[in-house]
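Residue numbers start from 1 in every chain, and the chains themselves are labelled A, B, ... in the order their sequence lines are given, proteins ahead of strands.
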Amino acid sequence: MATNTKFQAIRGTRDLLPPETALWNRVEQTAHAVFSTYGFGEIRVPIFEQTDLFARSIGFDTDVVSKEMYSFADRDETSVSLRPEATASVCRAYIEHGMHALPAPVKLYYLGPMFRRERPQKGRYRQFYQIGAEVLGGSDAPAIDAEVIEMVMAFFAKLGLEGAKLDLNSIGCRDCRPKYVELLRAELSKVKEKLGPDSQRRIETNPLRVLDSKLESEQGIIATLPRIAAHLCDPCAAHYTAVKHNLVLRGVAYHENWRLVRGLDYYMRTTFEIIAPGLGSQNAVCGGGRYDGLVELLGGHPTKGIGFAIGEDRLILSLQESGKAPAAHGRDVYIAWMGEKTYPTAVRAARALRGAGFAVELPAVEQKFGKALGHADKLGARYALILGEDEVASGQWTLKTLADGTQAKFTEAELLQYLRR
RNA sequence: GUGGGCGUAGCUCAGCUGGUAGAGCGCCGGUCUGUGGCACCGGAUGUCGCGGGUUCAAAUCCCGUCGCCCACCCCA
């Protein structure tokens, strides 16, 4: 039994293979390019941290912390966990490296794998990838919120993502939100009988969650519930209004969604979510918001903060569904060499072409000529460089353009010149 | 954690009411030993997810189990 057990990737993890990985690279390179134009620098944080860091920042009672973390005892018995997200780590690093002393605000972005032990489904994996950014320190100026959102939208636009829609809301601060939550809870209690079991449970655990219930039967009731926008304190209301003005100023279209709540404890005031098509029931590609109290909660000075996280797996899924998948990676030149005597020349040609930046396929064993061209064709090569005894003897190499079958003679120097044109 | 669907060649799948397995694509070779894409011919690969049961006989029926997918919950 043990001898013929086949290994396979564990549930919720997967291999990313070519040519799909080319799209992943394009997405990540675009992130580096776009984010740096907004003055963000890349931070790389560890893939595991003390469990308590996540528990305190994300919230002990959230599903992420209470049942989805991969936690284990290190050899010295301290509990460590694979990161379920990166904001907590970035804040920890901000404090640990005294980044409050840097010119404010500090703008950082990251990308990499996160881990949550959930049941996998479309657009949801146990090892999944996020691309995120955080702005820490300085003020909580609404323009910062708007610029961060503008940056995500610019990133998506650069990738050609179609159908991305921004939902926006404010969930107040530690002064006004609790009052609203109590009001909501009271109102929900009155209609408890009309709600499903999940929502009934949420009345106690997290009333805000009732707002984004998908149950058709609850939609009528939800529409009548009090809305937080009407219960924000004056500073929060002013901040929210200013964020919206700043989005308009930047030409960023948004849709106010009073039912948008965020699941992680640290969010306050501005919250937003971007949805994209083709993601099954997981339609959010990006979620984010302001978290002014988080750094302090983790032992730092009182610090303003806002950030977002993009689900890279979902982003790529949506890109693929809308036909943005990359072409198979081909070769620029396939070297069809014939006869052992030509091989040294073939090796030299490959080296020169690769040095000039071309993707070259140099067959390791001699093949029949027809076979070689067939192989070149299957690999999607643009050209076949034909090196037979004639070419080697005369120094006039034959270059065949596979698409139209034409061919021409070049010296080595002319060839490089021709290909580089 | 809960619910539904599905597990047959590398991939997509067929295989009716049981008689120990097939197609297409792909791959390899040949027609074609200095000219690919087309066509034709040929070839290799499966413990029919795994275990047990019923039966003379199981891919097919029954039970169990594992895995994958989708959805709920929750989240990016």
>> Between A:K214 and B:C72, is there a contact of a side-chain N or O with OP1 or OP2 at under 4.0 Å?
In response: yes

> Reckon A:G287 touches a base, only the sugar-phosphate, or nothing at all at heavy-atom distances under 4.0 Å?
Replying inline: sugar-phosphate

> Nearest heavy-atom pair of A:A350 and A:L362: which atoms, and what distance?
Replying inline: CB-CD2, 4.0 Å

>> Work out how far the P atom of B:G10 is from that of B:G46, and round it to whole angstrom.
In response: 8 Å

>> Checking base pairs now: Watson-Crick or wobble, both atom distances under 3.5 Å. What partners B:C48?
In response: none

>> Can you confirm if the NZ or CZ of A:K107 lies within 45° of the ring axis of A:Y109 and under 6.0 Å from the centre of its six-membered ring?
In response: no

>> Heavy atoms only, 4.0 Å cut-off, all strands: where does A:E366 land among base, sugar-phosphate and nothing?
In response: nothing

>> Does B:C74 have OP1 or OP2 under 4.0 Å away from a side-chain N or O of A:T62?
In response: no

>> Using a heavy-atom cut-off of 4.0 Å across all strands, would you classify A:K371 as base, sugar-phosphate, or nothing?
In response: sugar-phosphate

>> If the cut-off is 4.0 Å, is A:Q8 near the phosphate of B:G67, judged by side-chain N/O to OP1 or OP2?
In response: no

> How do A:C286 and A:D377 order along RNA chain B: which one's closest nucleotide is nearer the 5' end?
Replying inline: A:D377

> When you match A:I386 and A:D313 each to their closest nucleotide on RNA chain B, which lands nearer the 5' end?
Replying inline: A:I386

> Which value, in whole Å, describes the distance between the C1' atoms of nucleotides B:U17 and B:C61?
Replying inline: 11 Å

> Using a cut-off of 4.0 Å on non-hydrogen atoms, how would the nucleic acid contact of A:R117 be classed: base, sugar-phosphate, or nothing?
Replying inline: nothing

> Hey, does A:K400 reach any base, or is it just sugar-phosphate, or nothing, if we go heavy atoms under 4.0 Å?
Replying inline: base

>> Among B:C28, B:G34, B:C72, which nucleotide has an atom closest to any side-chain atom of A:S281?
In response: B:C72

>> Just to be sure I understand the rule, does A:A309 reach a base, reach only the sugar-phosphate, or reach nothing, if contact means heavy atoms closer than 4.0 Å?
In response: sugar-phosphate

>> Within the 4.0 Å heavy-atom criterion, would you say A:I131 contacts the bases, only the backbone, or no part of the nucleic acid?
In response: nothing

>> Measuring to OP1 and OP2 of B:A76, would you say a side-chain N or O of A:R262 lies under 4.0 angstrom away?
In response: yes

> Reckon A:E85 touches a base, only the sugar-phosphate, or nothing at all at heavy-atom distances under 4.0 Å?
Replying inline: nothing

> Which part of the nucleic acid, if any, lies within reach of A:E389 when heavy atoms closer than 4.0 Å are counted: base, sugar-phosphate only, or nothing?
Replying inline: base

>> For B:G29 and A:K368 - does any side-chain N or O of the residue sit under 4.0 Å from the phosphate oxygens OP1/OP2?
In response: no

>> Need one value for A:D390: base, sugar-phosphate or nothing, where a base atom within 4.0 Å counts as base even if backbone is also close, heavy atoms only.
In response: base

> Could you give the CG-to-C1' distance, from A:L387 to B:U35, as a whole number of Å?
Replying inline: 14 Å

>> Between A:E85 and A:Q130, do the side chains contain a donor N or O and an acceptor N or O under 3.5 Å apart?
In response: no

>> Need one value for A:R119: base, sugar-phosphate or nothing, where a base atom within 4.0 Å counts as base even if backbone is also close, heavy atoms only.
In response: base

>> A quick test of your reading: do over 12 heavy atoms of other residues, nucleotides or ligands sit less than 6.0 Å from CZ of A:R14?
In response: yes

> Is the CD atom of A:E216 crowded by more than 12 outside heavy atoms at less than 6.0 Å?
Replying inline: no

> What distance, rounded to whole Å, do you find between the two P atoms, one in B:C13 and one in B:C6?
Replying inline: 13 Å

> A:A403 near the nucleic acid: base, sugar-phosphate alone, or nothing, with a heavy-atom cut-off under 4.0 Å?
Replying inline: base

> Does A:R177 make a cation-pi contact with A:Y180, if we ask for NZ or CZ under 6.0 Å from the ring centre and within 45° of the axis?
Replying inline: no

>> Tell me which nucleotide, if any, is Watson-Crick or G-U wobble paired with B:C28 when both distances must be under 3.5 Å.
In response: B:G42

>> With a 4.0 Å cutoff (strictly under), does any side-chain N or O of A:Q121 reach OP1 or OP2 of B:A71?
In response: yes

> With a 4.0 Å cut-off on heavy atoms, is A:G405 in touch with a base, just the backbone sugar-phosphate, or nothing at all?
Replying inline: base

> Which part of the nucleic acid, if any, lies within contact of A:E273, taking any heavy atom under 4.0 Å across all strands shown: a base, the sugar-phosphate backbone alone, or nothing?
Replying inline: nothing

